[in-house]
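Here is the structure we will look at, set down as structure tokens.
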There are 2 protein chains.
Amino acid sequence: MPKSTTPAPPRAKRADARRNEKSLLNAAAEVFVSSGVEAPIRDIAKAAGVGTATIYRHFPTRAELIIAVYRHQVDALAEDGPRLLRETDNAYDALRTWVDRFVDFLVTKHGLAAVLQSTDTCFDPLHDYFLDGVVPVCSHLLDAARESGEVTSEIDGIHLMRAIGGLCAGATDAHDYDARAMVDLLVTGLRARV
Amino acid sequence: MPKSTTPAPPRAKRADARRNEKSLLNAAAEVFVSSGVEAPIRDIAKAAGVGTATIYRHFPTRAELIIAVYRHQVDALAEDGPRLLRETDNAYDALRTWVDRFVDFLVTKHGLAAVLQSTDTCFDPLHDYFLDGVVPVCSHLLDAARESGEVTSEIDGIHLMRAIGGLCAGATDAHDYDARAMVDLLVTGLRARV
DNA sequence: AAATATACGGGACGCTGTCCCGTTTAACAA
DNA sequence: TTGTTAAACGGGACAGCGTCCCGTATATTT
């Protein structure tokens, strides 16, 4: 008879593994800034001083590495939604402010917007993360703005976010292209017709 | 002394070269439909029954192949602008109709919108082609709509087109995503505030 | 029919993501 | 402290892709 129903993992994670994961996260964050989120795996591994297999072992897909690097900021974005709704008189203004923050996040993460609209299955974990974490927040804001009568469009959160991603994906380096202005136009279009 | 100031090209293009170029164009059109405009060069070459070097020789960059395949449709789009402006009472409606046609074009060419917002230098000829051929048309429509007072936004043609491209890039296969609806929102946002 | 430039096909090269394999080393036990 | 074991490691093999060269075939001209 087994000595326990819950076998209790025999060993904790090794110290060097924990250390490597941190190095990897820091290195990835730096490389993402300089070369974008689609930088070659080898570059990130080199920056962290590890082999390619190590990064692949810790983060099986690129999406998981990206999530790990940006988790805090994305979570903060998700928490911002309800707060803005509470602290702002106008639901539409809350939506507008939140969307602005989302755009700020996207345009400062080179290539992230493009990755969000990629259909490569490699990025599915990232899509799921956004789908679970931030899309509901956007939908909620949208619903509130609709209830208050300021938004008439029947668009739902995921489509709005997809569109915003698309508008921001064009802002890779063309500095004369202002993604914020475009998203502003889009959000303006959400309001009731004249 | 040279016998002429204009040396006159000594030979016409070879018959097999002309034939191959046509096969290539047809094959590329088919492959683009089934696999998108970023299909591997080898696939297109195989479909045309030629070697990879042949396609590379006729169309040094992928962009030039894409241009050759869609030239007629893009040119038609460019001609539509002035015509719509003439035949439509309202400049804003003309803009709206033209944008609709542009969206129709983009969403039926798998991956083309994504390519339009790529910064890969390989696609520069394609960007230039649009910049010279259709962006001025869009700008013209926009100017007309501004003169008639229906559009207040100071956005210029290239940015609007970039934005439309971004909105359409998300429509790769997610059939629940309606690029037209999103572009409609954007164009609605162009109009004067309430 | 012979000569020649043009076009051809296939393969080599470099880059990338993916993943396996022999070796190292941290964690645990005696 | 020292031996054992499993976790983690690094580097390299492999495949897919774009790019481009080179020896060969052929359309065109004389």
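Throughout, a chain's letter reflects where its sequence line sits, starting with A, and its residues are numbered from 1. Note that the coordinates shown come from a computational prediction; the quantities given were computed from them, not determined experimentally.
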Test: B:Arg19 and B:Asp16 ion pair at under 4.0 Å
no

Nearest whole angstrom, please: distance from the P of C:dA27 to the NZ of A:Lys13.
12 Å

Nearest-Å distance, CD1 (A:Ile66) to C1' (C:dG17)?
14 Å

To the nearest angstrom, how far is B:Ile41 atom CD1 from C:dG9 atom C1'?
16 Å

Pairwise 5' ranking along DNA chain D for A:His58 and B:Glu38, keeping only the more 5' one:
A:His58

Ignoring hydrogens and angles, answer whether the base of D:dG18 and the side-chain atoms of B:Arg42 contain a donor-acceptor pair closer than 3.5 Å.
yes

Could you give the CZ-to-P distance, from B:Arg19 to C:dC8, as a whole number of Å?
9 Å

For C:dA7 and B:Asn20 - does any side-chain N or O of the residue sit under 4.0 Å from the phosphate oxygens OP1/OP2?
no

Parallel, tilted or perpendicular: which fits the ring planes of B:Tyr70 and B:Phe105, with parallel below 30° and perpendicular above 60°?
perpendicular

Can you check whether B:Thr54 has a side-chain N or O nearer than 4.0 Å to OP1 or OP2 of C:dA7?
no

From NZ of B:Lys46 over to P of D:dG18, roughly how many Å is that when rounded to an integer?
12 Å

C:dG9 base / B:Thr52 side chain donor-acceptor hit below 3.5 Å:
no

Taken to the nearest whole Å, CD1/B:Ile55 to P/C:dG10 is 14 Å

N/O to N/O distances under 3.5 Å, protein versus nucleotides 21-26 of chain D:
unit_1: D:dT26; atom_1: O2; unit_2: B:Arg14; atom_2: NH1; d: 3.3

Would you check, one step at a time, whether the test side chain to side chain contact (heavy atoms under 4.5 Å, CB included) holds for B:Tyr177 with B:Leu167?
CA-CA 10 Å; B:Tyr177 175 79; B:Leu167 291 176; 4.2 Å; yes

In this structure, how many angstroms lie between the P atom of D:dA8 and the CZ atom of A:Arg18, rounded?
10 Å

For the base of D:dG18, is there a side-chain donor-acceptor partner from B:Arg62 under 3.5 Å away?
no

Of all the choices, C:dA26, D:dC17, D:dA27, which nucleotide is nearest to the side chain of B:Ala15 once you look at every atom?
D:dA27

Any donor-acceptor N/O pair, A:Arg62 side chain to A:Ala39 backbone, under 3.5 Å:
yes

Ring-plane angle category for A:His127 and A:Phe123, please: parallel below 30°, perpendicular beyond 60°, tilted otherwise.
tilted

Around atom NE2 of A:His58, are there more than 12 heavy atoms from other residues, nucleotides or ligands closer than 6.0 Å?
yes

Listed in order of residue number, which residues of residues 24-37 of chain A have a non-hydrogen atom at under 4.0 Å from DNA chain C?
none

Would you say B:Asp89 has more than 12 foreign heavy atoms packed within less than 6.0 Å of its CG?
no

Between A:Asp156 and A:His159, a side-chain donor and acceptor under 3.5 Å
yes

What is the distance from atom CG of B:Asp43 to atom OG1 of B:Thr52, rounded to the nearest 0.5 Å?
12.0 Å

